[in-house]
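Just the heavy atoms: all of them, side chains too, but no hydrogens, waters or symmetry mates, feed the values below.
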Amino acid sequence: MRSHARRHARARIVGTRIVGTWVVGLAMAGAVLVGSVLAGPASPASAHNSVISTTPAAGAVVTEQPPVFQVTTNDNLLNLDGVGSGMAMQISGPADAASPLYYGDGCVTVFGPTLEMEAQLGEPGEYTVVWQVVSTDGHSISGDFSFTWQPNADQQLAEGTSTPPNCGGTASGGSAAKPTQTDAATPAPAPENAALGDVLWIGAAVAAVLAATLVTLLVVGRRKPPAAPTNTPPEETPSTK
């Protein structure tokens with residue numbers, strides 16, 4: 001009888017340890033799930049196009065008239081109407097002039113991930129290219145870069161204009177503004193109500209599982225050992241002679 005009780009006690013201890021391990025594991029899993037929901041998805045800003053190259057390169061010294069000015073991004077630009085609506089480029093300089101002039105006609109062309117415009121530069125000096133494009137996610141992004149124009153003696157110089165060109169008045173994208181911190185689109189924050197709802201239902205599910213496990217633990221801990229078998233010898237059946 002004593003050996004039977006010891007075996008039962010040992011089994012109860014083992015069962016308690018197993019259930020305890022399940023409780024800890026479920027608690028950790030719940031914490032991981034809640035943490036992943038609170039962290040939320042990746043920021044939509046990662047979907048914005050980013051510039052990978054420009055022509056001329058930023059900070060370059062240019063000695064011959066560039067055939068074209070380009071801004072190339074890492075993904076195709078969103079050119080729904082095929083005429084570059086919402087996209088623009090302006091080239092102005094020299095920076096040290098009393099009144100910097102604008103160059104080119106303002107007509108831009110989109111080739112996949114690249115925005116480009118033809119222009120001829122004027123007097124030597126530092127020039128700035130301001131650009132604006134529509135990213136593949138539909139947000140407008142803009143920026144600028146500068147380069148130094150040191151023309152060779154055989155280069156023909158353009159006169160420039162005092163007002164920004166607008167592709168003969170037909171450019172639907174308008175003129176590019178000097179980029180500021182508000183030019184780049186700001187992604188909308190993730191809905192807080194949706195994240196809160198996910199946390200609530202995950203927390204409720206984890207709590208329900210933990211409660212069921214705790215009840216099981218209590219039942220196992222309080223279960224009484226079965227009665228020890230008795231060694232009562234079988235009754236003898238009287239024989240008939």
Quick one: pull up [atom1] in [X] and [atom2] in [Y] and give me the separation to the nearest 0.5 Å.
| X | Y | atom1 | atom2 | result |
| --- | --- | --- | --- | --- |
| Asn166 | Gln90 | CG | CD | 9.0 Å |
| Met89 | Cys107 | CE | SG | 12.5 Å |
| Asp75 | Ser50 | CG | OG | 9.0 Å |
| Leu101 | Leu121 | CG | CG | 11.5 Å |

Q | From CA spacing to verdict: side chain to side chain contact (heavy atoms under 4.5 Å, CB included), Val51, Val71 | A | CA-CA 7 Å; Val51 176; Val71 174; 4.0 Å; yes
Q) Is there side-chain contact between Thr136 and Leu77, with heavy atoms separated by less than 4.5 Å? A) no
Q.
When you compare the side chain of Cys167 with that of Asp105, does any pair of heavy atoms fall below 4.5 Å?
A.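 Not touching, per the 4.5 Å side-chain cut-off.
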Q) With Ser53, which residues qualify under side chain to side chain donor-acceptor pair (under 3.5 Å), at least two apart? A)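 Expected list: none.
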Q: Can you sort out the partners of Ser135 under side chain to side chain donor-acceptor pair (under 3.5 Å), two or more places apart, ordered by chain and number?
A: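 Ser135 satisfies side chain to side chain donor-acceptor pair (under 3.5 Å) with Asn49, Asp137 once adjacent residues are dropped.
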Q.
Per the ring pair (Phe, Tyr, Trp, His ring centres under 6.0 Å) rule, what does the pair list look like for residues 49-68, sequence neighbours excluded?
A. none
Q: Scan for ring pair (Phe, Tyr, Trp, His ring centres under 6.0 Å) pairs involving residues 91-110, sequence neighbours excluded, and state none if there are none.
A: Tyr103-Tyr127
How far apart are the closest heavy atoms of [X] and [Y], and which atoms are they?
| X | Y | value |
| --- | --- | --- |
| Pro100 | Ala95 | CG-O, 4.5 Å |
| Ile91 | Ala119 | CD1-CB, 3.7 Å |
| Val83 | Asn79 | N-OD1, 3.4 Å |
| Pro66 | Pro56 | CG-CG, 4.2 Å |
| Val108 | Met87 | CG2-O, 3.7 Å |
| Val110 | Gly84 | CG2-CA, 4.2 Å |

**Q.** Inter- and intrachain pairs under side-chain hydrogen bond (donor to acceptor under 3.5 Å, both in side chains), touching residues 107-126, at least two apart
**A.** Gln70-Glu116, Thr72-Thr114
(Q) Grouping I, L, V, M, F, W and Y whenever their side-chain heavy atoms are under 4.5 Å apart, do Val129 and Val61 come out in a common cluster? (A) no
(Q) Count I, L, V, M, F, W, Y as connected when their side-chain heavy atoms are under 4.5 Å apart, and connections chain through other members. Are Phe111 and Leu80 then in the same cluster? (A)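 No, no single cluster joins them.
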Validation: residues 147-157 side-chain donor-acceptor distances under 3.5 Å, sequence neighbours left out:
from	atom 1	to	atom 2	distance (Å)
Trp149	NE1	Gly122	O	2.7
Gln155	OE1	Gln65	N	2.8

Q: With Phe145 as reference, evaluate Thr128, Val130, Thr54 under the side-chain contact (heavy atoms from CB on, under 4.5 Å) test and give the passing residue.
A: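 Going through Thr128, Val130, Thr54 one by one, the side-chain contact (heavy atoms from CB on, under 4.5 Å) with Phe145 is satisfied by Thr54 alone.
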